[in-house]
Amino acid sequence: MLRAFEWVVLGCGSAAAIVYGVRRHRPARPGPWLLLAGAIVASAVGDVLTALGRPGVAEFSFYAMFVLVAWSLLQLTRVGAILVERARLIDLLAFACSTLLVVWVFVIGDAGRIGNVSGAYVIGALLLLAVVARVLLAVGRNLSAVLLVIGAVGVLVSDIVQPLWPGRLSESGFVVLYLAWGAAALHPSMVRLTEPAAPRPSPWRARWTALLGISVATPPVVLLIEAIHGTVNDGVVIAAAGAITLLLTITRLTDSVTLNGQALARERALRQASAALVAAADAAAVDAAVRAAVAQLMPPYAIRSTVFALDDHQLTLEAAPGPAHRSWWTEDSDRDYATLVCPLRLEPLAVARPSGGALILEGRRDVLTATRDTLEVLAGQAALALDRISLVEAVGRRDSDLYLRAVIRNSADIMVVIDEDQRIRYASPSLRDLLGTDDLPPLATLDDLVHPDDRVPLRQAFRSSGDGVVYCSLLRADGTQVLVEATYRDLRADRLVQGFVVTMRDFTQGREPDELRPPRENVDDLPARVNRRSARHKFRY
């Protein structure tokens, strides 16, 4: 009775430690750890029943323990988990299970036992050890994974030694199981075991398919051979091995179907996004196409926010730093959520649109991790569409400037096209004739051509939106000045112009015809020295 109470304390304490570790450390997926706690409880129930002298009923608890452990490990190593490629592991486990079955039945024999050692328990313990050892190899130095391996080793040793030499010492492996698995959940490294990782689908190989087929066919063949020779003495072991191989095969097929469905969904979404991006004529259409693709790639509950920034200046300080050719993560206060930043750059050159920008997605870490490569491709296609739009607009502006130059080459009208920063993009030949110069300086602005006293009003006029008229004096090459009336049109919103179009008329000093004089209501807008000259001219008699 005392021994049964000890198993109750160990089992309940270990299960409680796992539940407490899940609540404290909050892993990405608590399901595998809770199933592990259920397996601990089932094992403790079996040990209690064994201590009370009911080993027949205890076997069902031990079988339930292995089922729960297997379910937990399947969840731990499923697609998108820390074990990013488990197809080969499943194939090897199925083959190992069938091989152990053949060895146990045809080599060891004697009803599947060496003394009182159960073949089903040993096969289950070996497979358990193989899986947790593979998880340890996947995560590297991780104390929780090491403790899981220690617990699996303890189960295997006790399953072999305890039936041969019953006693407290031979049962110490089960004690190690309870203590090690409980401690594994208490350590903070347990979070690493359920962190999401991008799946790596393995290519189809005929030899691996044949190996899986042999593994599935082995238990029925063994059962058939025993039935032909007479009595079936290893029914339990054959049933356990057949159930394990069948479960592994179903898991393998489910993974393949899941990965194939996800690949088809991503391909369909990218194909539709590519068509929409090719047809996009402006940045708003690109934004709409990207958001529609994100909605197809990920479920609505997995995404908190989507930001499509066309300029690096629109990025936050947390999202700004990072490599130009690869997406990067920014941490979130919630461990289940993260922010993925995909830059809108085409390496190695960024000539057409050097402003950068990024696609910023905040959502569940596991979903973002599984679709990270697809989102990077989507961001690259969006960057390509934006670069295409920028180049088309640049070519359109160039053709517009060439057309304007060809039309007004011999015209006396003075026309200037300036960018938003007042840099002169195009100037008609009449302006050079008026200024008395052969050509304008490179990257010249309108401020460089006007008198210093008129620069402030000119800047204020162009900073405001809309059309208008401004009067200013231009500086000629010989140092003289010429008064002009500059009528400007705000065409910054025009896709082809994206700037100001300025038309100038000069007022020749001393010979101002009435039709070229500025209206009387606009006299106050003239430069102050011109008003003073007009006053002297008016009162000189």
Side-chain angles (χ1 to χ4, degrees), residues 266-298 300 303 305-316 319-320 324-325 327 340-362 371 374-405 416-426 462-467 488-502:
R266 289 194 294 267
E267 180 185 358
R268 188 182 305 110
L270 285 178
R271 184 168 59 250
Q272 294 177 357
S274 299
L277 290 173
V278 167
D282 52 19
V286 175
D287 189 352
V290 170
R291 293 181 183 274
V294 170
Q296 288 184 342
L297 290 172
M298 285 170 289
I303 296 298
S305 64
T306 301
V307 177
F308 189 70
L310 301 178
D311 197 317
D312 286 340
H313 297 292
Q314 300 176 5
L315 303 179
T316 60
H325 62 283
S327 61
L340 180 65
V341 183
C342 301
L344 300 178
R345 295 188 181 93
L346 292 177
E347 296 299 325
L349 298 177
V351 178
R353 199 180 47 83
S355 57
L359 172 62
I360 307 172
L361 297 168
E362 180 184 2
T371 57
T374 307
L375 293 173
E376 290 179 352
V377 173
L378 178 63
Q381 291 180 345
L384 183 62
L386 292 174
D387 287 355
R388 173 184 57 80
I389 293 172
S390 299
L391 290 174
V392 169
E393 291 178 350
V395 171
R397 288 194 300 269
R398 185 201 63 181
D399 294 342
S400 177
D401 294 343
L402 292 176
Y403 175 77
L404 182 63
R405 181 178 303 174
V416 181
V417 179
I418 64 175
D419 292 327
E420 191 172 2
D421 57 356
Q422 294 191 26
R423 294 192 180 276
I424 299 175
R425 196 168 73 219
Y426 169 77
F462 284 108
R463 285 174 183 171
S464 60
S465 59
D467 305 339
Y488 61 90
R489 293 184 61 194
D490 186 0
L491 297 179
R492 288 176 292 180
D494 188 275
R495 185 173 60 87
L496 295 178
V497 181
Q498 295 186 2
F500 293 91
V501 177
V502 183

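Residue numbers count from 1 along this sequence.
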Query raised in the report: With sequence neighbours excluded, what pairs up with R291 under the side chain to side chain donor-acceptor pair (under 3.5 Å) test?
Result: D287
Requested in this report: Applying side chain to side chain contact (heavy atoms under 4.5 Å, CB included), run through L340 and L359 and close with a yes or a no.
Outcome: CA-CA 8 Å; L340 180 65; L359 172 62; over 6 Å; no
**Report entry** salt bridge (charged side-chain N to carboxylate O under 4.0 Å, His left out) involving R423 - partner list, sequence neighbours excluded
**Finding:** D421
Report task. Quick one: list whatever passes side chain to side chain donor-acceptor pair (under 3.5 Å) with Q272, sequence neighbours left out. Result -> Q296
**Report entry** Listed partners of A288 passing side-chain contact (heavy atoms from CB on, under 4.5 Å), at least two apart
**Finding:** none
Report summary line: Sequence neighbours excluded, the answer for ring-ring contact (aromatic ring centres under 6.0 Å, His included) partners of F500 is F462
Requested in this report: Using modelled atom types only, decide if a donor and an acceptor are shared between the side chain of D490 and the backbone of D467 within a distance under 3.5 Å.
Outcome: no
Report summary line: Taken in chain and number order and not counting sequence neighbours, the residues that satisfy side-chain contact (heavy atoms from CB on, under 4.5 Å) with A285 are A280, D282
Query - Non-neighbouring partners of L270 that pass side-chain contact (heavy atoms from CB on, under 4.5 Å), sequence neighbours left out - result: T374, V377, L378, Q381
Query - Nearest-0.5 Å distance, CG of residue L375 to CE of residue M298 - result: 4.5 Å
Requested in this report: From the options L277, L344, L310, select the one residue that forms a side chain to side chain contact (heavy atoms under 4.5 Å, CB included) with V286.
Outcome: L277
**Report entry** Partners passing side-chain contact (heavy atoms from CB on, under 4.5 Å) against E420 (at least two apart in sequence or in another chain)
**Finding:** R492
Query - Listed partners of D419 passing salt bridge (charged side-chain N to carboxylate O under 4.0 Å, His left out), at least two apart - result: R425
Query raised in the report: Quick one: salt bridge (charged side-chain N to carboxylate O under 4.0 Å, His left out) partners of R268, sequence neighbours excluded?
Result: none
Requested in this report: Determine the minimum heavy-atom distance between A269 and L297, stating which atoms define it.
Outcome: CB-CD2, 3.6 Å
Query raised in the report: Measuring from I360:CD1 to C342:SG, what's the distance to the nearest 0.5 Å?
Result: 9.5 Å
